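See structure below.
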Amino acid sequence: MHAHVVLFDGFDPLDAIAPYEVLQAAGLATGGAVSAELVTTEGAREVPSGTPPLTLRATGLLDPARADVVIVPGAAGTLPSEGGEEREDSIPAILARTLQTGLPALVKEALEREDTLVATVCGGSAILAMAGLIAGRPATTHHQGMALLSAGGARPVAARVVDDGDLVTGAGVTSGLDLALYLLEREVGPRIAHAVETLFAHERRGVVWSDRGPSPAF
């Protein structure tokens, strides 16, 4: 399983690094059967995060045909203003700027491929919703960004991880750990997921929500 972890100007470092490190550890546990690569829609470059002066170097180009999993992080920046003009470094403004890049088209291509899974962490799902890519689909994001999902036509679910088949979304920033471990369990097997979870001394939080199974009566 090869994952492309997408970077864009203003990305949240933990959103990207948590799943990247989980998947790299899984590569060690599987003798290289799992791998991850930091990519952008422009190719290899230094990418400024939303927590300057930290940058990360992407080593490749986002290509859904080469990735089994495409992981889209959210942004780091200032919180939305109350009734005032939106600042350029606010999280909604950073997320909105990704719509002017090649990211929406490439994520759309990934969603249309039968053998490619799209996953998001925190505000990554808001990018997909703002681009009109997940209308009608259940998804989660940071609790302060649920309105962005609704505005894009998605179905907000207040869960740590939401599994909708070829779309798996994680909630707040630290949910990148839980999302990546769940992807390992689902796609590679519980023994590998458990080994990496034990290595990281991290116990996953919450129940993974999906549309499968009976609806609760309360």
Side-chain angles (χ1 to χ4, degrees), residues 3-23 36-64 67 69-111 118-134 139-152 154 156 167-177 179-180:
H4 277 186
V5 180
V6 186
L7 304 182
F8 54 83
D9 292 3
F11 73 94
D12 187 294
L14 188 55
D15 285 4
I17 286 300
Y20 177 83
E21 190 166 349
V22 166
L23 296 175
E37 182 179 3
L38 298 176
V39 301
T40 73
T41 59
E42 304 84 19
R45 67 179 179 94
E46 291 288 333
V47 187
S49 78
T51 54
L54 179 64
T55 66
L56 288 178
R57 178 161 183 78
T59 58
L61 177 71
L62 171 59
D63 181 358
V69 182
V70 173
I71 301 176
V72 182
T78 61
L79 296 176
S81 57
E82 290 283 343
E85 184 176 348
E86 203 68 75
R87 291 176 44 164
E88 287 190 1
D89 63 349
S90 72
I91 291 173
I94 295 169
L95 296 176
R97 284 197 291 273
T98 66
L99 304 184
Q100 308 306 315
T101 71
L103 183 56
L106 288 169
V107 172
K108 182 176 185 293
E109 178 185 339
L111 286 168
V118 174
T120 67
V121 181
C122 200
S125 58
I127 295 174
L128 275 58
M130 294 163 71
L133 298 177
I134 56 173
T140 191
T141 190
H142 191 280
H143 64 273
Q144 292 181 317
M146 289 295 196
L148 290 175
L149 290 185
S150 296
L167 173 68
V168 181
T169 55
V173 179
T174 58
S175 70
L177 286 169
L179 176 133

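Since this is a predicted model, take the numbers as computed values, not measurements.
- Atom CG of Leu103 is separated from atom CG of Leu128 by 7.5 Å, given to the nearest 0.5 angstrom.
- Atom CD1 of Ile134 sits about 8.5 Å away from atom CG of Leu111, to the nearest 0.5 Å.
- You'll find the side chain of Arg57 stays beyond 4.5 Å of the side chain of Leu38, heavy atoms only.
- Heavy-atom neighbours of Glu109 CD from other residues, nucleotides or ligands within 6.0 Å: above the threshold of 12.
- Rounding to the nearest 0.5 Å gives a distance of 10.5 Å between CD1 of Ile127 and CG of Leu133.
- When side chains are defined from C-beta on, Val6 counts as touching Val70, because their heavy atoms get closer than 4.5 Å.
- Of all non-hydrogen atoms in Gly172 and His142, the two that sit nearest each other are CA-CD2, 4.1 Å.
- The CG atom of Asp15 sits 9.5 Å away from the OG1 atom of Thr174 when rounded to the nearest 0.5 Å.
- In terms of modelled atom types and a separation under 3.5 Å, the side chain of Arg97 and the main chain of Glu88 share a donor-acceptor contact.
- Evaluation of the salt bridge (Lys or Arg N to Asp or Glu O under 4.0 Å) rule for Glu42 yields Arg45 as partners, not counting sequence neighbours.
- Annotation for Pro156 and Leu149: closest pair CG-CB, 4.1 Å, computed over non-hydrogen atoms.
- Across every non-hydrogen atom of Met130 and Ala96, the tightest pair is CE-CA, 3.6 Å.
- Across all non-hydrogen atoms, the minimal contact from Ala36 to Tyr20 is O-CE1, 3.5 Å.
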For side-chain contact (heavy atoms from CB on, under 4.5 Å), just list the numbers for Phe11 and Val47, CA-CA rounded to whole Å, side-chain angles, deciding distance to a tenth of an Å, and then say yes or no. CA-CA 8 Å; Phe11 73 94; Val47 187; 3.8 Å; yes
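- Put simply, the residue from Val173, Thr55, Leu54 that forms a side chain to side chain contact (heavy atoms under 4.5 Å, CB included) with Pro13 is Leu54.
- The minimum heavy-atom distance between Ile91 and Ala76, with the atom names listed, is CG1-C, 4.0 Å.
- In this structure, the separation between CG on Leu61 and OG1 on Thr41 is 7.5 Å, given to the nearest 0.5 Å.
- Taking all atoms of both residues into account, the shortest heavy-atom contact from Gly43 to Ala58 is O-CB, 4.3 Å.
- Rounding to the nearest 0.5 angstrom, the gap separating the OG1 atom in Thr78 from the CG atom in Asp89 is 4.0 Å.
- A donor-acceptor pair under 3.5 Å links the side-chain atoms of Ser125 to the main chain of Thr140, judged by distance alone.
- In this structure, the side chains of Val121 and Val72 stay at 4.5 Å or more apart for every pair of heavy atoms.
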